[in-house]
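Please read the structure below before turning to the comments.
The figures here come from the full heavy-atom set of this structure, side chains too, leaving out hydrogens, waters and symmetry mates.
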Amino acid sequence: GWRRRLVRRLRRLVAHKYFENFMVAMIILSSLMLALDSPEKVHPDSEFKRVLNALDVAFVVVFIVEATLKIAALGAGYFRDSWNVFDFIIVVIGFVSSIIELAALSGRGSTVARALRAFRALRPMRVAARNEGMKVVISALFRAIPSIANVALVCALFYLIFGILG
């Protein structure tokens, strides 16, 4: 029926190279915007800050539309891929922080929004989900973290020993 045709078209859309290239461009532009948004250099009441906030909301909307289209096209299969889950979490955090900011809650709400906004720094990692080579490298780095922690522990023990010995 019409639902099956719609899902088939959505699958073609979200798998199309132009759609992927557009989303990569949005992620890169969003990352550049985040790089410009420095608390020390951008005054909170400036026009530039208002433009950056509006752009942030626009990017969040674009990312929500992307996630919605992919979920509609792939169904539960969307959540079987850990990179899609990672993307979805970043999108949800962006959405929640934008809602909190737009609602302009009292002091505590703005603190929560600032804490959630820190997760925007993970947006550039979404590019990795679109590049097989980057996926392999990042996955290898995450698998190496326990070994790196062991090396750090051995280094700390040597520092302790030499600190005691003087």
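- Taking CD1 of I90 as the reference point, atom CG of L122 lies at 5.0 Å (rounded to 0.5 Å).
- Residues passing the side chain to side chain donor-acceptor pair (under 3.5 Å) test with R50 are E47, sequence neighbours excluded.
- Sorted pairs that involve residues 151-165 and meet salt bridge (charged side-chain N to carboxylate O under 4.0 Å, His left out), not counting sequence neighbours, are lacking altogether.
- L141 belongs to a hydrophobic cluster with V137, counting contacts under 4.5 Å between side-chain heavy atoms of Ile, Leu, Val, Met, Phe, Trp and Tyr, direct or through other members.
- Qualifying side-chain contact (heavy atoms from CB on, under 4.5 Å) partners for I28, counting only residues two or more places apart in sequence or in other chains: V24, L32.
- Taking the ring-ring contact (aromatic ring centres under 6.0 Å, His included) definition, one finds that Y18 meets it with H16, sequence neighbours left out.
- Annotation: side chain to side chain donor-acceptor pair (under 3.5 Å) contacts of S30 (sequence neighbours excluded): R123.
- Here the CD atom belonging to E20 is positioned 11.0 Å from the CG atom belonging to N131, to the nearest 0.5 angstrom.
- Under the rule for a ring-ring contact (aromatic ring centres under 6.0 Å, His included), the partners of F79 that lie at least two apart in sequence or sit in another chain are F88.
- Under the rule for a side-chain contact (heavy atoms from CB on, under 4.5 Å), the partners of V7 that lie at least two apart in sequence or sit in another chain are R11.
- In this structure, D56 CG and D37 CG are separated by 7.5 Å, a value rounded to the nearest 0.5 Å.
- The closest side-chain heavy-atom distance from V91 to V60 is not below 4.5 Å.
- Applying the side-chain contact (heavy atoms from CB on, under 4.5 Å) test to V62 and every residue at least two apart in sequence or in another chain returns F22, M23, M26.
- Listed by first then second residue, pairs satisfying side-chain hydrogen bond (donor to acceptor under 3.5 Å, both in side chains) with a partner in residues 80-89 read D87-R126, D87-R130, not counting sequence neighbours.
- Take R8 and apply the side-chain contact (heavy atoms from CB on, under 4.5 Å) test, not counting sequence neighbours, and it matches R4, R5, R12.
- Within the structure, every pair that satisfies the side-chain hydrogen bond (donor to acceptor under 3.5 Å, both in side chains) test and touches residues 135-160, not counting sequence neighbours, is listed here: E132-K135.
- With rounding to the nearest 0.5 Å, the separation of CD1 in I138 from CZ in F86 is 8.0 Å.
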